[in-house]
There are 2 protein chains.
Amino acid sequence: MKEYRSTKEDSLEEFVKKCKECGLKITPQRISIYKEVLNSENHPSAEIIYRRIKRIHPGISFDTVNRTLLTLSEMGLLEIVEGSGDVRRFDPNNKNHHHFRCKKCGKIVDFYNESYDKLEVPDYLKKKFIINKVRVLLEGICDNCINKTQD
Amino acid sequence: MKEYRSTKEDSLEEFVKKCKECGLKITPQRISIYKEVLNSENHPSAEIIYRRIKRIHPGISFDTVNRTLLTLSEMGLLEIVEGSGDVRRFDPNNKNHHHFRCKKCGKIVDFYNESYDKLEVPDYLKKKFIINKVRVLLEGICDNCINKTQD
DNA sequence: TCCTAAATAAGAATTATTACTATTTAGGTT
DNA sequence: AACCTAAATAGTAATAATTCTTATTTAGGA
Ligand SMILES: [Mn+2]
Ligand SMILES: [Mn+2]
Ligand SMILES: [Zn+2]
Ligand SMILES: [Zn+2]
């Protein structure tokens, strides 16, 4: 039986397809930014992506990175992650998942949980609002920060 | 049977008690800010609170308001609400509740749901992290914004 | 009443985000 | 392959949000 996994090539194809659908041009900058954010684990900020991209495109501007990330999120290829009044951070994980956030260091960790995925939304809310996403958000102190405090 | 409800007087007493516990001085500014934020419905920003407080303390500085709100949240009297890279907003609702957030206008609406309150956290997460809060976050389009788009 | 550390006001500095504009370029057309 | 044009980009500038600095005031204990 053949397994279908999403590889980077698949993602890039999806990206190109989506760009064409939306009438957006496929530029080297966009491709790099898309690849970079897709490879990143920890809900990076625009600034972080910018610094990484500069190694490949030394002349790229921060504005282009930030604008592209916003564009990607409008296209549905990224999410803007729920933060706490700190810098805006992006989420390249398009699988259904949930978050733990550390109050100390701000780290946001993905986790998967089938029973959380099945949460039902109360009818009165479904009637009043259009609900696109249901996510559980855990808050507390991460393992790193627990160890630090013990020092 | 006597009912216990939390009144504003109760809250103020709690505030004074908590301040003394933490060795914080009770200043007119702090009292006003605390009262104001406790009365607000819609997860206000520091700027919003600042503008309201100025009617009572015309000479108050924005920094004092912002700093005090951060202090209150460190004391556990407020929460910083999960946003999306926009301005920091505060949550004076200390009852167990959940949030709907509108992607269009950024409004955050409280709602209550007993089955959400009872959500279990997976053991492997409990072991790894200290979990203080479990919250469901719904995302979508609010009633106001649905109507606007129809125009 | 006096004393002192904490809190405040005012404004500067820093950081984050968005806007502007001249130049370049992707991608369609001839 | 050369040309055209709207979209995208680079390089700032402008704006908005947040934090820091410092002189002054004040809450609360002695
Ligand atoms: Mn995530
Ligand atoms: Mn709330
Ligand atoms: Zn942490
Ligand atoms: Zn809305």
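Everything quoted here is computed from the prediction, not taken from an experiment.
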Donor-acceptor check, side chain of [X] to backbone of [Y], threshold 3.5 angstrom: yes or no?
| X | Y | answer |
| --- | --- | --- |
| B:R135 | B:H99 | no |
| A:D91 | A:N93 | yes |
| A:R89 | A:S45 | no |
| B:T68 | B:T64 | yes |

Which part of the nucleic acid does A:L70 contact within heavy-atom distance under 4.0 Å: base, sugar-phosphate only, or nothing? sugar-phosphate
Starting from [atom2] on [N], measure out to [atom1] on [X] and report it in whole angstrom.
| X | N | atom1 | atom2 | answer |
| --- | --- | --- | --- | --- |
| B:I80 | D:dT18 | CD1 | C1' | 12 Å |
| B:L69 | D:dT18 | CG | C1' | 13 Å |
| A:K20 | D:dA7 | NZ | C1' | 16 Å |
| B:E74 | D:dT19 | CD | C1' | 14 Å |

Phosphate-side-chain proximity, A:R67 and D:dT9, N/O vs OP1/OP2 below 4.0 Å: yes
Look at A:N66 and C:dA16 and indicate whether a side-chain polar atom (N or O) is within less than 4.0 Å of OP1 or OP2. no
Which nucleotide wins on minimum distance to the side chain of [X], given the candidates [options]?
| X | options | answer |
| --- | --- | --- |
| B:T68 | C:dA19, D:dT9, C:dT8 | C:dT8 |
| A:R88 | D:dT9, C:dT8, C:dT18 | C:dT18 |
| A:V87 | C:dT17, D:dC20, C:dT8 | C:dT17 |

What parts of residues 47-62 of chain B reach DNA chain C, counting only heavy atoms under 4.0 Å away? B:G59, B:I60, B:S61
A:I60-A:L24 co-clustered via ILVMFWY side chain contacts under 4.5 Å: yes
Cluster overlap B:I33 with B:V16, hydrophobic side-chain contacts below 4.5 Å: yes
Can you pull out the residues from residues 24-31 of chain A that lie within a 4.0 Å heavy-atom distance of DNA chain D? A:L24, A:K25, A:T27, A:Q29, A:R30
Could you walk me through whether B:K20 and B:I26 pass side-chain contact (heavy atoms from CB on, under 4.5 Å), step by step? CA-CA 8 Å; B:K20 288 187 176 167; B:I26 296 156; 4.2 Å; yes
Straight-line distance of B:S115 OG to A:E120 CD, nearest 0.5 Å: 9.5 Å
Applying side-chain hydrogen bond (donor to acceptor under 3.5 Å, both in side chains), run through A:D110 and A:H98 and close with a yes or a no. CA-CA 6 Å; A:D110 289 349; A:H98 306 273; over 6 Å; no
